[in-house]
J.: 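The structure under discussion is supplied below as structure tokens; questions concerning it will follow.
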Amino acid sequence: MSLTDTELFDRGQFQAELALKSSPIGAFKKAIRRAHEVLDARFRDNRDVRRLVEDRARFTDQILLEAWNRFTWSSEAEIALLAVGGYGRGELHPYSDIDLLILLGGDDQETFREPIEGFLTLLWDIGLEVGQSVRSVAECGEEARADLTIITNLMESRTIAGPEHLRERMQTVTSTAQMWPSKAFYRAKRDEQKARHAKYNDTEYNLEPNVKGSPGGLRDIQTILWVARRHFGTLNLHAMVGQGFLLESEYALLASSQEFLWKVRYALHMLAGRAEDRLLFDHQSKVAELLGYNEGDTKRTIERFMQKYYRVVMAIAELSDLINQHFEEEILRAGENLPVQPLNSRFQVRDGYIEVTHANVFKRTPFAIIEIFVLMAQHPELNGVCADTIRLLRDHRYLIDDEFRRDIRNTSLFIELFKCEQGIHRNLRRMNRYGILGRYLPEFGHIVGQMQHDLFHIYTVDAHTLNLIKHLRKFKWPELAEKFPLASQLIDKLPKPELIYLAGLYHDIGKGRGGDHSEIGALDAEAFGQRHHLPAWDTALIVWLVQNHLAMSTTAQRKDLSDPQVINDFAAFVGDQTHLDYLYVLTVADINATNPTLWNSWRASLMRQLYTETASALRRGLENPVEREEQIRLTQAAALDILTAAGTDADDVEQLWSQLGDDYFLRHSASDVAWHSDAILRHPDDGGPLVLIKETTQREFEGGTQIFIYAPDQHDFFAVTVAAMAQLNLNIHDARILTSTSQFTLDTYIVLEAEGGSIGDNPKRIQQIRQSLIDTLMHPDEYPSIIQRRVPRQLKHFAFAPQVTIHNDAQRPVTVVELTAPDRPGLLAKIGRIFLDFDLSVQNAKIATLGERVEDVFFVTDADNQPLSDPELCARLQQTIVTQLSASSPSPAQISI
């Protein structure tokens with residue numbers, strides 16, 4: 001703000017308004033409100049954001065000075081008003097804290113108590129968000145010595161009022177000669193940054209990032225400046241160019257990145273009306289529009305804006321790595337005569353870091369750009385890359401062109417990286433961080449920073465891809481063999497492990513280009529295999545895995561795995577054991593790398609069941625599919641062995657089983673059949689509904705809980721049950737609905753608590769669930785009200801019209817209702833009520849919640865236990881589901897009777 005910027009602050013007008021009123025508060029508030037309006041209007045007009053935050057700080061200086069001067073301070077008084085912290089830098093966003101230090105020359109606080117209290121009260125009354133402290137110069141020294149935050153704050157200070165020599169004395173007392181020498185300060189700031197990054201899972205790619213604190217955020221730039229200030233005495237980014245820590249091009253990139261984040265932060269504060277640094281879903285579309293992103297389609301607008309954001313913070317993180325490595329070498333190891341260990345004619349190791357042997361290495365031998373990452377993988381004891389070598393890598397990225405990509409030395413080295421015993425993920429991440437991977441593989445460059453605006457994919461596509469490769473590597477860790485027993489076993493059996501990593505690298509590479517990303521990715525993978533001279537079989541396997549990487553999870557979650565035909569069809573699809581092994585390992589890694597909350601014991605058991613039964617079908621031969629009768633016989637024999645060993649009478653078991661029907665034995669394991677049978681035989685005839693509850697599988701990781709219900713069948717059983725479970729705050733993840741020949745229902749539900757956790761071994765909670773279900777099922781006429789729970793904040797931003805597909809099953813006498821809809825509390829209870837209103841019985845259900853969306857499949861019959869045959873009825877059913885689940889216009893139905 002220039003002194004003549006009267007639009008922002010007209011001091012003459014301000015003084016006139018003060019004179020007219022008995023209280024100054026109104027005049028101050030009016031001036032502050034006017035400045036807010038002017039600066040916000042300038043922001044909307046796309047004025048220079050750097051100038052805006054500086055003008056706001058200067059305006060605040062003026063207001064504080066006016067407030068300070070309303071109180072009596074003698075000209076000789078040893079007291080000064082200082083701006084510290086971010087405000088001390090002369091930067092202020094709309095609702096940032098105004099950090100103040102009232103600095104005293106001596107310890108005579110009592111002398112100034114009354115005017116200080118009056119001054120601070122006035123600031124409070126006029127609505128300024130002030131963070132203040134009152135200290136003597138000596139106290140500043142004592143407290144700064146003990147507290148990293150205080151010394152950091154005091155380093156950034158300006159005098160607003162009072163004698164400047166007090167600030168100068170304070171700076172002398174807190175100088176590096178007195179405390180916090182640059183080595184100690186750097187180590188402390190490095191540890192502080194690591195801890196802060198850990199809070200955000202060490203990734204720039206959070207769905208709702210914090211523009212200040214997340215990796216690659218504004219705090220990382222400030223950390224660089226703090227360390228530079230402590231070591232060199234300068235807090236200016238451009239001054240670091242003169243110190244050799246930044247090139248002009250790097251300074252320009254860092255400055256433009258800071259400017260972009262300032263715009264985002266300014267917009268966030270303005271929209272939220274408070275100090276908001278989280279880029280929440282609530283604000284992303286509006287921030288995007290304020291910054292000029294307008295695609296016509298809200299989802300696309302957000303995705304383009306967020307891709308820009310992620311690429312900016314990635315650039316900051318890359319430069320932060322480079323500068324911190326410089327600091328490491330300059331501050332911690334300066335002057336040390338470190339021994340050098342040669343690796344080859346191009347690279348050597350100094351103090352655990354790899355570096356080039358001379359500055360022209362990459363120019364003379366461009367293949368060294370890939371070689372350096374292979375060497376680091378082959379030498380996992382290395383800590384990283386020297387700062388000057390990182391810069392040389394960045395400076396020579398331009399050498400990666402089509403000729404470079406076809407050079408057999410480069411293609412051979414790239415494949416060699418994937419054959420290394422260690423370091424594959426770490427060095428692919430380095431390649432991505434240094435901008436090498438996206439240049440060598442332009443198709444990968446396309447997905448860098450690309451987000452999908454949903455809650456299912458919590459990382460950008462490139463981060464998810466590298467995370468998948470990390471999970472593949474983790475399957476080899478002995479400590480994870482218990483959590484991923486089958487994947488850990490299979491990863492070591494794969495004939496060519498490098499192929500699974502290459503398939504992982506390409507599995508999502510086709511996203512964002514329109515069309516089926518699996519098909520697009522398969523074409524890219526085929527071109528990759530040819531360019532890298534892979535054997536035909538290797539290329540074909542990678543292409544097949546990329547093309548079909550979703551097939552196993554889709555089958556496990558949406559098909560009835562108890563149906564032998566489903567297993568036989570899947571076995572025919574994979575063709576052989578090798579393809580099955582590769583696909584299983586890739587699928588488990590993909591699920592875990594997409595969203596860690598997706599993997600629980602129930603999903604693990606589905607995947608294991610599909611793998612195990614498919615492997616059995618392949619061993620048996622596709623020409624010899626297992627018959628239903630054989631599968632039933634094997635399950636019954638195993639269950640009977642368990643029951644008789646526990647003393648249960650075999651005749652009683654046989655009599656019970658004769659009433660249960662074949663589907664029951666196809667859909668349950670032998671251990672569950674034994675568990676159910678024993679409880680049913682012990683249950684008194686007039687004992688009401690039987691409700692059994694236990695964990696589904698192993699307890700070594702959080703999983704689902706199985707609820708088994710045995711009771712006389714009634715038409716509204718499914719609707720009543722799911723409504724009761726909704727009242728109990730349970731999320732249903734799977735449902736198996738059966739009716740015995742004696743008209744008893746045998747229903748099994750897999751549930752989790754509403755927040756996603758397991759019920760676990762909690763007797764009180766288990767008893768509450770059991771008793772509530774029994775009470776509800778004994779009085780079905782008192783239909784449980786479908787409770788209206790608050791929709792979680794994040795889910796509110798993902799509204800779309802439900803899609804309903806209705807068709808009759810080709811092999812079983814049921815109608816299949818497939819639903820894709822936004823997830824909402826009580827959704828399944830609403831569906832159950834609709835089916836009840838249409839007089840439909842649910843025979844089976846597959847429940848899948850994927851982030852903000854549900855993908856559920858229901859197998860229903862009409863009142864006569866027959867599939868639906870009336871197209872008009874199906875159309876009304878579809879319309880009713882869409883109308884009740886969404887306020888938006890329905891999508892066209894897909895009905896096939």
Side-chain angles (χ1 to χ4, degrees), residues 482-483 485 556-557 561-562 591 595-609 642 664 667-680 683 688-711 717-738 745-777 784 787 789 823 825-829 831-832 842 844-850 854 856:
E482 190 175 10
K483 183 174 182 178
Q557 291 171 178
L561 302 186
S562 66
I591 293 172
N595 189 326
T597 64
L598 293 177
W599 189 254
N600 53 39
S601 64
W602 179 240
R603 188 165 272 112
S605 69
L606 288 176
M607 291 289 297
R608 177 184 283 273
Q609 180 184 355
I642 297 171
Y664 171 79
R667 294 185 191 171
H668 293 89
S669 67
S671 60
D672 280 348
V673 168
W675 175 48
H676 298 163
S677 300
D678 178 64
I680 292 171
H683 192 63
L690 170 65
V691 177
L692 304 177
I693 302 175
K694 74 169 184 177
E695 290 294 285
T696 56
T697 52
Q698 309 96 323
R699 292 190 181 184
E700 62 265 17
F701 57 93
E702 196 171 68
T705 296
Q706 181 180 163
I707 299 178
F708 173 76
I709 302 173
Y710 177 78
F717 208 89
F718 175 79
V720 170
T721 302
V722 296
M725 289 184 179
Q727 288 192 323
L728 287 162
N729 284 332
L730 295 174
N731 281 342
I732 300 172
H733 283 251
D734 193 82
R736 300 177 182 183
I737 315 299
L738 293 167
T745 188
L746 303 127
D747 297 351
T748 300
Y749 297 88
I750 304 300
V751 301
L752 291 172
E753 296 282 19
E755 74 280 2
S758 170
I759 295 168
D761 187 14
N762 184 342
K764 187 176 180 180
R765 175 64 166 152
I766 290 172
Q767 179 57 27
Q768 177 201 16
I769 293 170
R770 178 184 290 113
Q771 194 58 53
S772 179
L773 287 172
I774 290 172
D775 292 345
T776 300
L777 295 172
I787 58 174
R789 295 205 303 274
D823 187 24
L827 181 141
L828 199 57
I831 294 294
V842 178
N844 198 3
K846 300 287 285 185
I847 312 300
T849 303
L850 308 172
V854 296
D856 298 345

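This chain uses plain numbering: 1 for the first residue, then up along the sequence.
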J.: Output all residues satisfying side chain to side chain contact (heavy atoms under 4.5 Å, CB included) with Asp856, sequence neighbours left out; order by chain, then residue number.
T.: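 With neighbours one apart ignored, the set is Leu827, Leu828, Ile847, Val854, Phe858.
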
J.: Using every non-hydrogen atom in the two residues, find where Gly832 and Ala719 come nearest and quote the distance to one decimal.
T.: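 Gly832 and Ala719 have their closest heavy atoms at O-CB, 3.2 Å.
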
J.: Got a donor-acceptor contact below 3.5 angstrom from the Thr745 side chain to the Leu738 backbone?
T.: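 The answer is yes, because a donor-acceptor pair under 3.5 Å joins these two groups.
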
J.: How would you list, by chain and number, every residue that makes a salt bridge (charged side-chain N to carboxylate O under 4.0 Å, His left out) with Asp747, sequence neighbours excluded?
T.: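 For Asp747, no residue satisfies salt bridge (charged side-chain N to carboxylate O under 4.0 Å, His left out) once neighbours in sequence are set aside.
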
J.: Can you name the closest pair of heavy atoms from Asp672 and Tyr664 and give their distance?
T.: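 Minimum heavy-atom separation between Asp672 and Tyr664: O-OH, 4.1 Å.
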
J.: Find the distance between CD1 (Ile680) and CG (Leu692) and round it off to the nearest 0.5 Å.
T.: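 Separation between the atoms: 7.5 Å.
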
J.: Could you tell me whether the side chain of Thr721 and the main chain of Phe717 form a donor-acceptor pair under 3.5 Å?
T.: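 Checking the backbone N and O of Phe717 against the side chain of Thr721, a donor-acceptor pair under 3.5 Å is found.
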
J.: Report the residue from Ile774, Leu777, Ile693 that forms a side-chain contact (heavy atoms from CB on, under 4.5 Å) with Ile709.
T.: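 That would be Leu777.
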
J.: Partners of Asn762 by side chain to side chain contact (heavy atoms under 4.5 Å, CB included), sequence neighbours excluded?
T.: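 Lys764, Arg765.
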
J.: Which class fits the ring pair Phe708 and His676: parallel under 30°, tilted 30 to 60°, perpendicular over 60°?
T.: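 Ring orientation, 0 to 90° scale: parallel.
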
J.: Which heavy atom of Ala556 sits nearest to which heavy atom of Met607, and what is that distance?
T.: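 Closest approach of Ala556 to Met607, heavy atoms only: CB-SD, 4.1 Å.
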
J.: For Ile642 versus Ala674, what's the shortest heavy-atom pair and its separation?
T.: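 Result for this residue pair: CG2-CB, 3.7 Å.
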
